[in-house]
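As the structure is a prediction and not an experimental result, all values here were calculated from the model.
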Amino acid sequence: MTNPVPVSFRVISVLALLWNLVGVAMFFLQTGMSAEQIAALPDAQRVVYEAMPPWLAISYGLGVFGGALGALGLLLRRRWAMPLFAISLAAVLVQMIAVYVFTPAWEASGAAGLPMTLLIVGIAIFLFWYARRASSRGWLR
């Protein structure tokens, strides 16, 4: 038997799904850029984009698709949301660290690029934590 869920659970689940669907859209926009679109980027962005190792797209995909499926699982109140958020979190951490290690991202954006990076990592951490909490409270089945 599962415990009744608070309204905040549904709100967080819907917001998590919307956030991650935006991530999926951004994944397709970034990985599907044509040569002309890449050339049209501001120089600093273009240099970072061109320096990204190809395997980074796999981490990016795992992060956003894992998050979107995890959010769907949360909305459906399924326990499999938790491992999907764990995969998403791990992939987000790999991606964000790799961007700063393997590309000139710091030179391109400096400290101004950190808030978005920290927001993405923070949301991934929160969603994993929240799914664990929901599971321990009996909200997931």
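Applying the side-chain hydrogen bond (donor to acceptor under 3.5 Å, both in side chains) criterion to Glu36, with sequence neighbours excluded, gives Ser34. Remark: Trp129 engages Phe126 in a ring pair (Phe, Tyr, Trp, His ring centres under 6.0 Å) (not counting sequence neighbours). Residues satisfying the side-chain hydrogen bond (donor to acceptor under 3.5 Å, both in side chains) criterion with Tyr49, sequence neighbours excluded, are absent altogether.
At least one side-chain heavy atom of Leu74 sits less than 4.5 Å from a side-chain heavy atom of Leu140. Using a 4.5 Å heavy-atom cutoff, the side chains of Pro6 and Trp139 are in contact. Side-chain contact between Leu41 and Gln37 is absent, with no heavy atoms from C-beta onward closer than 4.5 Å. Side-chain contact check for Gln45 versus Glu50: every heavy-atom pair is 4.5 Å or farther apart.
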Between Ile120 and Gln95, does a side chain to side chain contact (heavy atoms under 4.5 Å, CB included) hold up when you go through it step by step? CA-CA 11 Å; Ile120 292 167; Gln95 178 197 2; 6.0 Å; no
List the steps, then state whether side chain to side chain contact (heavy atoms under 4.5 Å, CB included) holds for Val24 with Asn20. CA-CA 6 Å; Val24 168; Asn20 281 286; 5.6 Å; no
Could you go step by step and tell me if Val92 and Phe128 meet the side chain to side chain contact (heavy atoms under 4.5 Å, CB included) rule? CA-CA 12 Å; Val92 164; Phe128 174 66; over 6 Å; no
Residue pair Met96, Met116: steps toward the side chain to side chain contact (heavy atoms under 4.5 Å, CB included) verdict: CA-CA 10 Å; Met96 294 303 168; Met116 188 56 153; over 6 Å; no
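Looking at Arg46, its side chain never comes within 3.5 Å of a backbone N or O of Ala39 through a donor-acceptor pair. A donor-acceptor pair is defined here as one N or O able to donate and one able to accept, closer than 3.5 Å; such a pair exists between the side chain of Ser59 and the backbone of Ala91.
Closest heavy-atom contact between Leu17 and Leu72: CD1-N, 4.1 Å. In this structure, Pro104 and Glu107 approach most closely via the heavy-atom pair CA-OE1, 3.0 Å. Contact between Ser88 and Gly63 at its shortest, heavy atoms only, is OG-O, 2.7 Å. Among all heavy-atom pairs drawn from Tyr130 and Phe9, the shortest one is OH-CA, 3.3 Å. Of all heavy-atom pairs between Tyr100 and Ser109, the closest is OH-OG, 4.5 Å. Between Arg79 and Ser135 the shortest heavy-atom distance is NE-OG, 3.5 Å.
Atom CE of Met33 is surrounded by more than 12 heavy atoms from other residues, nucleotides or ligands within 6.0 Å. Environment of CZ in Arg132: sparse, with no more than 12 heavy atoms of neighbouring residues, nucleotides or ligands closer than 6.0 Å.
Under a hydrophobic clustering in which Ile, Leu, Val, Met, Phe, Trp and Tyr are joined whenever their side-chain heavy atoms come within less than 4.5 Å, directly or via other members, Val64 and Leu84 fall into different clusters. Under a hydrophobic-cluster definition in which Ile, Leu, Val, Met, Phe, Trp and Tyr are linked whenever side-chain heavy atoms come within less than 4.5 Å, directly or via other members, Leu89 and Ile123 are assigned to the same cluster. Linking Ile, Leu, Val, Met, Phe, Trp and Tyr whenever their side-chain heavy atoms come within less than 4.5 Å puts Val101 and Met52 in one cluster. In the hydrophobic clustering of this structure, Leu56 does not group with Ile58; members are Ile, Leu, Val, Met, Phe, Trp, Tyr whose side-chain heavy atoms approach within less than 4.5 Å, directly or through other members. Under a hydrophobic clustering in which Ile, Leu, Val, Met, Phe, Trp and Tyr are joined whenever their side-chain heavy atoms come within less than 4.5 Å, directly or via other members, Leu127 and Val121 fall into the same cluster.
Leu21 CG to Met26 CE: the interatomic distance, rounded to the nearest 0.5 Å, is 13.5 Å.
Between Phe27 and Tyr60, the ring planes are perpendicular. Angles over 60° get that label, and only those under 30° would be called parallel.
Between Trp55 and Phe102, the gap from one ring centroid to the other is short of 6.0 Å.
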